[in-house]
Amino acid sequence: NHRNKLPPDKDNSASSNEYYNKALQQRHNYKTDNFRVLRLDELGFIPPCDISGRESVSALHRAKSQFCKQIIANISCLMKTNPPYPKRLPHQCPTNDIKNNKTLGCFRDGKEFKLLPGYKTTLIHTNSQDYCSDLCLQSGFVYAGVEYGTECFCGNETPEWDLKLSDTFCDMQCPGNQSQMCGGHYTINVIKTGVSKFVARVASEPLPNLQYDKSPVRIVFLLTLNGRAVRQVYRLIKALFHRDHYFFIHVDARHDYMFRELLKVELALSNIRLSRRRHSTIWGGASLLSTLMDAMSDLVQSSWDWDFVINLSESDFPIKSNDKLVKFLTMNREHNFVKSHGREVQQFIQKQGLDKTFVECEARMWRVGEKELPKGIIWDGGSDWLALSRSFVDYLVTGDPLISGLLQFFKYTLLPAESFFHTVLRNSPFCETYIDNNLHVTNWKRWLGCKCQYRHVVDWCGCSPNVFRYEDWNRIKNTEKKQVYFARKFEPIINLSILDTLEVWLYGEYPTDLKNRMSYWQNVYHYEDIHPAPDESLLKIGTSLARIATKLLTTSQTTCQIRSLDKLLQVFTYHHKDQFRGFLIQYEVIVSNSSTKLLLESWCWPKLQGIIIHNRDPINRLLNFIVSSDFDQKEQMSRDFIRIISPHTDPVLIHQWGLGDQSFIVTFLWLNPYGELANVTSVKIDGSALIKFVKPTLLTPLSQGIWTVLLVYENVTMAYTQFLVTPSQTNRETSISASQISFISKSHNYEQSLYEWENVIKVFKNTIKFEMKNNINDHLKTKMTSWIDSLILSAYSILETCIVIPCKSIGDCGLKNLVTCAETSWSSYSPDPKSEIISINKEFGTL
Ligand code: UDX
């Protein structure tokens with residue numbers, strides 16, 4: 001019924017029906033490059049134009065809501081006929097741009113030029129005859145730019161200087177404390193590998209009569225946060241806290257827990273404020289620029305007295321003291337710090353997708369085609385981590401045709417915050433305040449970080465930096481003399497020791513009795529959460545374990561009243577010394593015949609690990625062998641510590657191998673809870689140390705119960721591992737019975753595989769007596785709850801239980817033996833002084 005699917009602004013009058021039918025006839029099909037067809041009745045509305053572009057059609061097919069489809073269609077059409085941004089933008093930079101102005105390109109001995117007001121920079125000598133080169137000196141930095149595209153590296157004659165290699169130019173930072181400028185004489189060698197050499201000497205001095213405002217700058221730390229690493233955010237705030245500085249915090253609109261926890265901090269500290277204008281800030285999304293611009297406008301309008309805004313995320317951390325940062329910015333108060341890409345501009349534009357149109361809806365950036373960049377301006381971009389001066393932010397918020405034009409353009413652009421600020425700076429009256437340094441050291445490991453890992457939220461292959469681990473410490477330590485003040489990324493669930501080492505380096509040794517210095521807790525469920533929606537399987541596991549723990553307490557205390565589980569409140573993962581050490585379930589129980597509710601926490605462990613049967617060469621190289629989900633290719637680990645696999649999860653087999661001197665093939669046989677072969681995968685293991693993962697193709701929903709994966713080498717099962725597909729009451733009827741599985745599998749050449757592996761499986765079943773908690777008839781007979789609990793118990797164990805507040809009235813009950821949570825080392829109630837924000841000294845901000 002097409003009538004009901006007309007767009008909301010069309011009525012059902014005869015004329016609109018006529019229009020609809022005509023359009024339907026005329027544009028019956030939209031053929032695309034890959035011959036997929038877009039049908040109007042599928043679309044449910046008439047798009048403003050014929051949409052034939054492959055990307056738009058694909059986006060329209062994939063988008064779910066009518067709202068999103070309509071935006072995609074509208075923007076696709078608009079881009080073709082009348083792009084919703086200016087064709088030309090004004091370049092308002094009063095002086096020539098450093099790197100793009102070719103008239104500054106070749107210097108002669110003694111030529112003098114003024115780069116920044118108040119600085120005199122002179123090229124004293126050059127012996128370069130080979131090629132044209134920009135050489136300039138700017139506050140705090142020396143640039144030696146070679147022709148775009150030539151490969152070069154920098155060297156110098158004063159070894160204590162730090163030099164950086166980049167594609168097209170080298171930047172050199174001033175030695176020691178000369179943070180404001182590089183006065184004096186410097187020698188720079190730029191060597192074009194194996195071809196020629198360029199040596200230049202430059203001198204720079206401040207011109208006399210330069211007046212500086214020497215009062216220390218006040219900084220707004222603009223935190224854009226997502227996720228649940230609350231204790232890490234507390235630690236970050238604590239490290240940066242000072243009564244003269246401010247925190248303006250935006251939490252992704254989909255992350256309730258982080259927002260609620262930070263509201264408590266906002267209440268306690270007046271220089272911390274949470275933005276109430278919340279966006280769903282997806283990775284690379286246009287919404288990240290709206291978030292930053294909203295925040296800047298709120299900051300300009302606020303009564304806070306500030307000089308700089310620095311944006312940071314939950315995974316940033318300072319690598320120099322606040323004092324040093326303040327000193328540096330105080331001496332550079334009119335400057336703006338952004339990091340440029342360091343490539344040829346056209347190459348950057350393409351790599352970044354600036355010339356592609358993106359539409360943001362359904363928390364995704366949909367690519368719908370090309371777009372033309374407005375002319376008349378210099379394009380620039382790089383990192384989206386910035387330190388911007390008050391005057392520039394005032395200018396951004398006030399706006400002018402350059403800013404409004406660029407904002408319109410970046411509404412349809414991926415990763416807008418990586419280019420918007422750079423481009424405004426370069427083309428605005430603030431161009432001379434541009435400093436090519438984002439004050440950050442970033443842990444780029446592109447061979448790991450560029451795996452298209454954001455495909456679930458953007459139609460693009462994006463890259464991300466890696467998390468710093470203890471092994472990376474030298475990278476941070478080596479920045480001591482550089483003008484960098486922050487590093488990214490840090491994630492305590494992956495590595496906490498690097499943060500510990502960093503803090504000791506910054507602030508000195510901790511007191512020897514500091515509790516839980518190497519422990520970290522991260523919440524994964526809170527009963528008040530609406531967004532993101534709690535994971536049903538996690539709830540199932542948590543509730544079942546709480547029920548089992550309560551039962552254990554009841555039965556072990558003969559004189560005690562029966563207690564029953566009231567509610568699962570929270571779940572945390574617990575990490576100690578950079579190892580996952582289990583998870584904590586926090587729950588309320590009711591003491592019968594009274595209204596007393598007790599708050600308990602139990603420490604649990606996912607116990608299904610890999611088991612080696614024959615520990616001989618080459619299988620003795622096997623270090624880890626588990627099935628989990630949510631494998632992070634960048635960090636080479638599963639983020640699903642609890643190992644929650646629901647009937648609809650894609651399980652992933654993770655196998656890790658130590659170094660060896662030969663290659664060999666292993667085969668993985670996946671047996672479902674009925675002991676039937678469900679998948680066979682062979683993998684080649686070479687001599688290097690490897691973490692590998694295998695994603696099998698399995699029929700979904702997966703059968704509930706314990707699955708087994710055999711590792712077969714030369715027709716012998718050498719090791720096996722098991723995993724639980726979480727049972728679910730609601731899914732019971734959808735689970736596939738044994739006979740169904742056989743039937744389906746048979747139609748997939750199953751018999752051939754079965755025949756081949758039958759003997760291996762038979763031998764394994766005879767050798768290893770493992771329980772098959774599977775049979776659908778069994779669990780229909782018994783009570784569902786006890787079936788679920790018995791399954792959960794075969795995959796998880798309860799290590800210990802503690803009580804949050806010991807209650808005298810229940811002392812007789814035997815619970816008096818229960819340890820108080822705060823006294824344990826594992827409970828989420830155990831003291832965590834490194835992250836306790838309430839202990840901030842409001843005067844000075846340090847402990
Ligand atoms: C960084 C840069 O931000 C990006 O521009 C560059 O291309 C790659 O390096 P990455 O480290 O991958 O990206 O992003 P991350 O720090 O995870 O996220 C960027 C910002 O978006 C953070 O402030 C983060 O809190 C926020 N974000 C991310 C959300 O608010 N919600 C999300 O779902 C994801």
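Quick caveat: nothing in here was measured; it's all calculated off a predicted structure. Remember, it's 1-based here, ligands and their atoms both numbered in the order they're listed.
Nearest approach of V467 to E635, heavy atoms of both residues: N-OE2, 2.9 Å. Closest of all the heavy-atom pairs between S315 and R488 is OG-NH2, 3.4 Å.
In this structure, atom 9 (O) of ligand 1 lies nearest to the protein heavy atom P465 CD, 3.2 Å. Regarding atom 7 (O) of ligand 1, its nearest protein heavy-atom neighbour is E418 OE2, 2.5 Å. Here the protein heavy atom with the shortest distance to atom 13 (O) of ligand 1 is W283 NE1, 3.5 Å. Scanning the protein heavy atoms around atom 24 (C) of ligand 1, the nearest turns out to be N226 ND2, 3.4 Å. Distance from atom 1 (C) of ligand 1 to its nearest protein heavy atom, with residue and atom name: R488 NH1, 3.3 Å. Of all protein heavy atoms, the one closest to atom 32 (C) of ligand 1 is T281 O, 3.2 Å.
By the ring-ring contact (aromatic ring centres under 6.0 Å, His included) test, F641 pairs with H575, F580, sequence neighbours left out. Checked against ring-ring contact (aromatic ring centres under 6.0 Å, His included), F247 has the following partners two or more places apart in sequence or in another chain: F221.
For ligand 1, the atoms sitting less than 4.0 Å from at least one non-hydrogen atom of L415 are 5 (O), 7 (O), numbered in the order shown with element in parentheses. Close approach of ligand 1 to R254 is summarised as follows: ligand atoms under 4.0 Å from at least one heavy atom of the residue are 31 (N), 32 (C), 33 (O). Close contacts of ligand 1 with W385, meaning ligand atoms under 4.0 Å from a residue heavy atom, involve 2 (C), 3 (O), 23 (O). Within ligand 1, the atoms closer than 4.0 Å to a non-hydrogen atom of K489 are 10 (P), 11 (O), 12 (O), 14 (O), 15 (P), 16 (O), 17 (O), numbered from 1 in the order shown. Within the listing of ligand 1, atoms 25 (O), 30 (O) sit less than 4.0 angstrom from a heavy atom of L225. Heavy-atom contacts of C463 reach the following atoms of ligand 1: 7 (O), 8 (C) (cutoff under 4.0 Å). Which parts of ligand 1 touch S464 is read off a 4.0 Å heavy-atom cut-off, strictly below it: atoms 10 (P), 12 (O). Within the listing of ligand 1, atoms 8 (C), 9 (O) sit less than 4.0 angstrom from a heavy atom of W444.
Heavy atoms of G462 come nearer than 4.0 angstrom to ligand 1 in no pair at all. Residue contacts with ligand 1: H250 is excluded, as none of its non-hydrogen atoms falls under 4.0 Å.
Checked against a 3.5 angstrom limit, the closest N/O atoms of H255 and ligand 1 fall outside it. Of the N or O atoms in Y454, one or more lie within a sub-3.5 Å distance of an N or O in ligand 1.
Sulfur-to-sulfur, C450 and C461 sit at least 2.5 Å apart at their SG atoms.
Between L406 and N427, the closest side-chain pair of non-hydrogen atoms is not below 4.5 Å.
Atom NZ of K351 is surrounded by more than 12 heavy atoms from other residues, nucleotides or ligands within 6.0 Å.
Residue-level proximity to ligand 1 for S383 is absent, since no heavy atom of it falls below 4.0 angstrom.
Under the 4.0 Å criterion applied to side-chain N and carboxylate O atoms, D500 and K834 are not assigned as salt-bridge partners. Taking the charged nitrogens against the carboxylate oxygens, R639 and D632 do have a contact shorter than 4.0 Å, which makes a salt bridge. For R469 and D578, the salt-bridge test fails: no basic side-chain N is under 4.0 Å from an acidic carboxylate O.
E314 and N226 are linked by a side-chain donor-acceptor pair at a separation below 3.5 angstrom, with hydrogens and angles left out of the test.
The heavy atom nearest to atom 20 (C) of ligand 1, considering only D384, L288, T442, is found in L288.
Taking the six-membered ring where tryptophan is involved, the planes of F337 and F328 are tilted, since the angle between them lies from 30° to 60°.
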